[in-house]
Amino acid sequence: MAKDIDRYTYRVTWSEEDQEHVGLCIEFPSLSWLAGNPEKALKGIRQLVRECIDDMNKNGEVIPEPLSSKNYSGKFMVRVPPETHRMLAIEAAESGVSLNRLVSSKLN
């Protein structure tokens, strides 16, 4: 099971409100773990994810797929206001590149 929880996406950040480090797991957004230092926050959230997965398995629930295991096509659609679309199209034309290339470069 330890190998399985290693595939999830963890983050440790500071909580100003709690005055402690908080461990988070992106695939389990309802879970968090507070600790006095980052290492303990990471250890705590990993243990909590392990326990959550065990419970979900016992209850026959679907376990979230780790983001690292998913395949991404590299394509996604973004809706923007028409004025923004026009502005980007003009900028792309002035730069001599496609709209797709311009927007992609802005995201990098």
Side-chain angles (χ1 to χ4, degrees):
M1 180 58 66
K3 191 174 189 179
D4 292 340
I5 69 162
D6 286 344
R7 299 170 129 196
Y8 288 110
T9 310
Y10 298 98
R11 174 171 293 171
V12 175
T13 188
W14 177 253
S15 170
E16 194 63 37
E17 179 181 341
D18 298 304
Q19 291 294 297
E20 289 189 285
H21 291 88
V22 58
L24 305 166
C25 182
I26 292 174
E27 293 86 349
F28 292 85
S30 64
L31 302 180
S32 64
W33 188 270
L34 291 170
N37 66 53
E39 293 79 13
K40 288 182 180 176
L42 179 59
K43 184 177 180 179
I45 190 62
R46 287 170 45 85
Q47 180 62 37
L48 192 56
V49 166
R50 179 181 289 115
E51 291 169 7
C52 185
I53 290 172
D54 288 344
D55 286 344
M56 292 175 82
N57 276 327
K58 288 176 189 171
N59 294 321
E61 297 177 53
V62 177
I63 310 299
E65 180 182 2
L67 291 175
S68 62
S69 300
K70 292 184 179 182
N71 292 320
Y72 295 91
S73 68
K75 298 186 293 184
F76 65 95
M77 184 186 299
V78 178
R79 299 203 185 278
V80 296
E83 302 78 28
T84 302
H85 191 168
R86 179 179 299 108
M87 178 200 66
L88 290 168
I90 291 168
E91 185 178 343
E94 290 173 341
S95 299
V97 297
S98 70
L99 179 59
N100 187 62
R101 182 169 297 238
L102 175 77
V103 171
S104 179
S105 71
K106 289 182 177 290
L107 292 174
N108 286 330

Q: Quick check on the hydrophobic clustering: are F76 and V103 connected, directly or via other members, by side-chain heavy-atom contacts under 4.5 Å?
A: yes
Q: Nearest 0.5 Å please: distance from the CZ atom of F28 over to the CD1 atom of I63.
A: 6.0 Å
Q: Would the number of heavy atoms belonging to other residues, nucleotides or ligands and lying under 6.0 Å from CD of Q19 be above 12?
A: yes
Q: Is the number of heavy atoms from other residues, nucleotides or ligands within 6.0 Å of CG (N71) greater than 12?
A: no
Q: Atom CG of L31 and atom CD1 of I26: how far apart are they, to the nearest 0.5 Å?
A: 13.0 Å
Q: Less than 4.5 Å apart, any side-chain heavy atom of R46 and any of D6?
A: yes
Q: In terms of side-chain geometry, is the basic nitrogen of R50 or D4 positioned less than 4.0 Å from the acidic oxygen of its partner?
A: no
Q: To the closest 0.5 Å, what do you measure between CH2 (W14) and CD (E20)?
A: 7.0 Å
Q: How far does CD of E27 sit from OG of S68, to the nearest 0.5 angstrom?
A: 7.0 Å
Q: With a 4.5 Å cut-off on side-chain heavy-atom distances among I, L, V, M, F, W and Y, is there a chain of contacts connecting Y10 to L48?
A: yes
Q: Would a single hydrophobic cluster contain both Y72 and M77, if residues Ile, Leu, Val, Met, Phe, Trp and Tyr are joined by side-chain heavy-atom contacts under 4.5 Å?
A: no
Q: Kindly give the heavy-atom pair with the smallest separation between L24 and S32, and that separation in Å.
A: CD2-CB, 3.7 Å
Q: Stepwise, does the side-chain contact (heavy atoms from CB on, under 4.5 Å) test hold for L99 with H85?
A: CA-CA 9 Å; L99 179 59; H85 191 168; 3.6 Å; yes
Q: What are the two closest heavy atoms between A35 and A41, and how far apart are they?
A: CB-N, 3.4 Å
Q: Identify the heavy atoms of L102 and A92 that sit nearest to each other, and give their distance.
A: CD2-N, 3.7 Å
Q: Give a yes or no on whether the backbone of E91 and the side-chain of S95 come within a donor-acceptor separation of less than 3.5 Å.
A: yes
Q: Indicate, with yes or no, if I5 and L42 share a hydrophobic cluster defined by side-chain heavy-atom contacts under 4.5 Å among Ile, Leu, Val, Met, Phe, Trp and Tyr.
A: yes
Q: For the side chain of N37 and the backbone of E39, is there at least one donor-acceptor N/O pair under 3.5 Å apart?
A: yes
Q: Which heavy atom in I45 sits nearest to a heavy atom in C25, and how many Å separate them?
A: CG1-N, 4.0 Å
Q: Measure the CZ-CD distance between R86 and E83 for me, rounded to the nearest 0.5 Å.
A: 6.5 Å
Q: Decide whether L67 and M56 are clustered together by the hydrophobic rule: side chain heavy atoms of Ile, Leu, Val, Met, Phe, Trp, Tyr closer than 4.5 Å, transitively.
A: no
Q: Evaluate side-chain contact (heavy atoms from CB on, under 4.5 Å) for I53 paired with Y8, printing each intermediate quantity in order.
A: CA-CA 12 Å; I53 290 172; Y8 288 110; 3.5 Å; yes
Q: Could you tell me the separation between the CD atom of E65 and the NZ atom of K70, rounded to the nearest 0.5 Å?
A: 5.5 Å
